[in-house]
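Take a look at the structure below.
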Amino acid sequence: MISLAGYEKVILPDIPNLNQIAVYEKHGGYEGLKKAVALSQDDVINEVKKSGLRGRGGAGFPTGLKWSFMPKGDKVRYLACNGDEGEPGTFKDRQIFEFNPHLFIEGTLIACYAMGIKTAYVYIRGEYIKWINILQASLDEAYAKGYVGQNILGKGFNTDIVIHRGAGAYICGEESSLMNSLEGKRPYPRIKPPFPAQVGLWGQPTTINNIETLANAAVILRKGADWYSKIGAEKHPGPVLYGISGHVNKPGVYEGPTGMSLKELIYDVAGGIKNGKKLKAVIPGGSSTPILTPESVEKATMDADGLRAVGTSMGTAGIIVMDEDTDLVEALHILSKFYHHESCGQCTPCREGTGWLEKIVGKFAAGIANQQDYDLLLKICANMEGRTVCALADAAAWPVRNTITRFKEEFEARMIENKNKAGWDYSMKAVSGV
Amino acid sequence: MRSKSILQILKILDSSHKRDGNDSKRPLPEFCIYLKPYAFDLTPDLTLVTYNLPLITYIMFSFTKENLQRIEAEKKKYPTVESAVMPVLWIAQEQNGNWLSEAAIKATADVLDLSPAHVIGVASFYTMYNKQPVGKYHLQVCSNISCSLLGAKKLIHHLENKLAITHGETTQDGLYTFSEVECLGSCGTAPAMQINDDYHENLTIEKMDELLKGLEK
Ligand SMILES: Cc1cc2nc3c(=O)[nH]c(=O)nc-3n(C[C@H](O)[C@H](O)[C@H](O)COP(=O)(O)O)c2cc1C
Ligand code: SF4
Ligand code: FES
């Protein structure tokens with residue numbers, strides 16, 4: 001069994017002032033970059049492939065493979081670093097900005113070297129102005145030391161890193177929306193294909209990676225793919241930042257190997273359920289991932305396979321814990337409202353569907369829904385999933401489908417037919433609370 | 001009671017017009033903005049009068065010399081000028097007292113050689129570009145899942161009752177605007193809110209009262 005015992009932290013180690021370049025260098029900082037530039041570009045990509053690293057932004061795509069999609073030749077190309085971090089329950093990238101910004105900068109430089117990229121844009125959500133300033137200060141240091149800019153490490157390779165501040169739109173975390181946002185357009189997601197590796201930012205080949213993914217790349221080059229691939233789950237290896245929130249005694253971001261048991265994370269790492277209550281449900285990887293019952297939590301391990309086995313996915317590893325007193329109908333209503341608010345409105349199934357999901361879940365919250373509403377919710381979900389330009393529609397439909405089927409009794413108890421049984425008293429507020 | 005009279009409002013506008021170094025006797029400037037009545041504390045009857053006939057005011061906006069230099073630096077970061085629209089909107093909002101008037105949007109469009117319609121299209125997509133005036137302190141409380149599990153809704157009720165405003169409204173004294181916002185990325189330190197740019201986490205009703213007290217001073 002994979003456990004935290006004996007695990008050595010590499011993404012967020014307990015070293016004070018690691019955001020200062022001198023401290024970072026003293027602890028092996030920029031060694032990975034030095035090793036990378038001594039290798040050929042292909043060898044760096046192969047090293048990342050060999051490590052087994054998979055994206056930490058939500059989709060879990062193999063990073064080395066993604067890098068290898070970039071065409072050869074000397075076309076101008078870009079890297080977009082995704083620090084939009086808008087998925088409810090996710091709060092890990094900001095820890096990297098705050099406590100280990102140079103690790104991210106180093107990973108970004110390695111990615112740029114491997115793919116022949118001269119400009120990387122770091123897209124950071126607008127609310128994170130504090131962390132933007134921290135990163136900018138570290139970036140200035142790295143420029144001054146010659147790690148970023150012209151003729152890096154005297155190897156004749158040039159890369160600039162530019163920070164771009166978002167302005168409060170969850171959809172900008174979706175990679176093609178992010179590109180339109182950077183280009184100064186209205187940030188509608190783009191239809192794929194063409195994929196970003198062919199036609200990305202300003203029409204040029206582009207790779208998009210999450211902040212934590214890039215930090216991992218630096219670790220891989222520093223410590224070697226062999227070392228890295230032995231951490232955690234075999235098919236989904238590496239260190240990962242678990243963000244645990246909700247009804248636990250010690251919420252927060254915890255670094256550990258992939259493949260840890262969800263139970264250990266909740267009961268040991270995060271100190272168990274608040275006030276000694278019982279567990280009702282867990283969302284394991286940010287708000288878009290399907291919710292788990294306590295029985296599934298018993299079995300779940302935090303890696304792609306382990307979570308697929310219980311019908312959910314790793315997402316951003318943002319674990320939201322809910323105790324026995326949680327009103328799941330209200331919780332789902334909050335999420336449905338969120339997705340409705342954040343839909344860009346480009347595709348009919350998403351624009352209309354998210355609105356209806358919110359309204360109908362709101363009827364359950366208010367206790368005025370019936371069996372037809374329940375069936376209608378499932379029908380709307382089916383009409384949204386896989387039918388839109390981007391995955392926001394799926395991200396909105398999955399929580400609804402899975403919450404109402406896995407916790408059916410809670411929703412049935414709120415149906416008007418069962419009014420007398422449940423003895424409810426809900427105001428109309430939830431329905432009109434847009 | 002809402003207090004300021006239309007005369008007072010015009011005086012305020014006039015003085016800001018003069019402060020910008022313009023001759024107040026000039027004919028109506030080309031930049032007009034439509035102000036939502038409550039932004040300027042109209043009396044209820046005036047609100048009624050002006051609700052359907054928006055008060056047309058004139059607030060000038062032109063970028064300061066220093067900001068024009070910052071804009072040039074922003075433009076250099078991207079291969080196209082259009083890409084600088086977000087950073088320039090941030091600069092415009094900062095200069096304009098934390099909101100984007102139509103004049104500020106037009107100035108943004110001009111300086112980037114874009115159509116105002118395009119810039120409005122961009123600005124209106126994002127929640128952090130304020131399309132109407134906000135108070136001195138913008139209280140942005142997260143009401144998403146992790147914060148709600150730990151009592152965000154109670155905090156919001158408390159705040160709404162205390163300040164007698166709801167989502168998107170500003171107090172009469174122009175001090176506070178309250179907004180319910182989506183996940184702030186503070187789920188591990190929930191419930192959370194932002195006051196202007198600053199994060200405040202692990203909130204309780206008492207802590208919130210303390211914070212507000214601190215602001216009044
Ligand atoms: C609606 C939506 C929102 C997303 N938000 C984010 C985000 O905030 N941060 C992020 O890294 N990825 C986000 N993603 C995933 C990105 O599209 C993309 O897969 C990811 O940044 C790729 O990086 P990775 O391969 O390193 O994981 C989002 C996807 C969707 C559909
Ligand atoms: S799925 Fe929704 S968010 Fe994505 S492009 Fe379509 S309308 Fe926009
Ligand atoms: S849910 Fe409130 S900060 Fe994430």
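Throughout, protein chains are lettered first and strands after them, A, B, ... in sequence-line order, and every chain is numbered starting at 1. Since the structure is predicted, the reported quantities are computational estimates derived from the model, not experimental observations.
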If I measure from the heavy atoms of chain B, does A:Cys344 come under 4.5 Å with its side chain, its backbone, both, or neither?
both

Okay, side chain of A:Asp323, backbone of A:His247: is any donor-acceptor separation there less than 3.5 Å?
no

Indicate the atoms forming the closest heavy-atom contact of B:Leu175 with B:Thr171, along with that distance.
N-OG1, 3.4 Å

Under 4.5 Å from any heavy atom of chain B, what part of A:Leu335 do you find: side chain, backbone, both or neither?
side chain

Could you check A:Trp131 against B:Tyr199 for ring pair (Phe, Tyr, Trp, His ring centres under 6.0 Å), going step by step and ending with a plain yes or no?
CA-CA 11 Å; A:Trp131 293 277; B:Tyr199 272 70; 5.1 Å; yes

Donor-acceptor check, side chain of B:Gln95 to backbone of B:Thr64, threshold 3.5 angstrom: yes or no?
yes

Pick from B:Ser143, B:Ser146, B:Cys147, B:Ser83: which one has the most heavy-atom pairs with chain A under 4.5 Å?
B:Ser83

Looking at A:Pro251, A:Ala167, A:Gly168, A:Gly246, which makes the most heavy-atom pairs under 4.5 Å with chain B?
A:Ala167

Taking the six-membered ring of A:Phe97 as reference, does the cationic atom of A:Arg94 (NZ for Lys, CZ for Arg) lie under 6.0 Å from its centre and within 45° of its axis?
no

Side chain of A:Glu174, backbone of A:Leu392: donor and acceptor closer than 3.5 Å?
no

Please identify, among B:Gly121, B:Ala84, B:Gly188, the residue contributing the most non-hydrogen atom pairs under 4.5 Å to chain A.
B:Gly188

Tell me, for B:His118 versus chain A, whether the close heavy atoms (under 4.5 Å) come from the side chain, the backbone, both or neither.
side chain

Among A:Arg165, A:Glu85, A:Glu342, which has the most heavy-atom pairs under 4.5 Å with chain B?
A:Arg165

With rounding to the nearest 0.5 Å, note down the distance linking CG in A:Asp93 to CD in A:Gln95.
9.5 Å

Who wins among A:Lys250, A:His341, A:Lys274 for the most heavy-atom pairs under 4.5 Å with chain B?
A:His341

Using non-hydrogen atoms and a limit below 4.5 Å, what part of residues 67-78 of chain B faces chain A?
B:Lys77, B:Tyr78

Side-chain heavy-atom pair A:Val122, A:Ile211 within 4.5 angstrom cut-off:
yes

Where on A:Thr326 is there a heavy atom nearer than 4.5 Å to chain B: the side chain, the backbone, both, or neither?
side chain

Only residue of B:Gln140, B:Glu160, B:Glu169 satisfying side-chain contact (heavy atoms from CB on, under 4.5 Å) with B:Phe178 is B:Glu160

For this output row, return yes or no: ring centroids of A:Tyr121 and A:Trp202 closer than 6.0 angstrom.
yes

Picking from B:Asp197, B:Val122, B:Leu184, B:Val85, which has the most non-hydrogen pairs under 4.5 angstrom with chain A?
B:Leu184

Over all heavy atoms of both residues, which pair between B:Leu150 and B:Pro191 is shortest? Give the atoms and the distance, please.
O-CG, 3.4 Å

Honestly, the part of B:Gln93 sitting under 4.5 Å from a heavy atom of chain A is neither

Would you name the heavy atoms of B:His138 and B:Ser179 that are closest together and state the gap between them?
NE2-OG, 2.7 Å

Among residues 123-130 of chain B, those lying within the under-4.5 Å heavy-atom range of chain A are B:Ser124, B:Phe125, B:Tyr126, B:Thr127, B:Met128, B:Tyr129

Which atoms of B:Gln194 approach chain A - backbone, side chain, both or neither, heavy atom under 4.5 Å
side chain

I need the residue from A:Glu183, A:Glu87, A:Lys185 with the largest number of non-hydrogen atom pairs under 4.5 Å to chain B.
A:Glu183

Do A:Ile291 and A:Met322 have side chains that get closer than 4.5 Å, going by heavy atoms?
yes

Find the one option among B:Ser186, B:Pro87, B:Ala190 whose heavy-atom pairs under 4.5 Å with chain A are most numerous.
B:Ser186

Do the side chain of A:Ser177 and the main chain of A:Ile171 share a donor and acceptor less than 3.5 angstrom apart?
yes

Which of these, A:Tyr128, A:Tyr78, A:Tyr123, sits in a ring pair (Phe, Tyr, Trp, His ring centres under 6.0 Å) with A:His164?
A:Tyr123

How many angstroms lie between CD1 in B:Ile205 and CG in B:Leu159, if you round to the nearest 0.5 Å?
10.0 Å

NZ/NE/NH1/NH2 to OD/OE distance under 4.0 Å, A:Asp160 and A:Lys118
no

Among A:Lys92, A:Glu255, A:Glu212, find the residue that satisfies the side-chain contact (heavy atoms from CB on, under 4.5 Å) test when tested with A:Val240.
A:Glu212

Where does A:Val76 contact chain B at under 4.5 Å (heavy atoms): side chain, backbone, both or neither?
neither

Under 4.5 Å from any heavy atom of chain B - which part of A:Val253
neither

Under 4.5 Å, counting heavy-atom pairs only, tell me which of A:Gly345, A:Ala331, A:Pro187 racks up the most with chain B.
A:Pro187

Specify which of A:Cys172, A:Gly318, A:Ser181, A:Ala169 makes the most heavy-atom pairs with chain B at under 4.5 Å.
A:Ser181

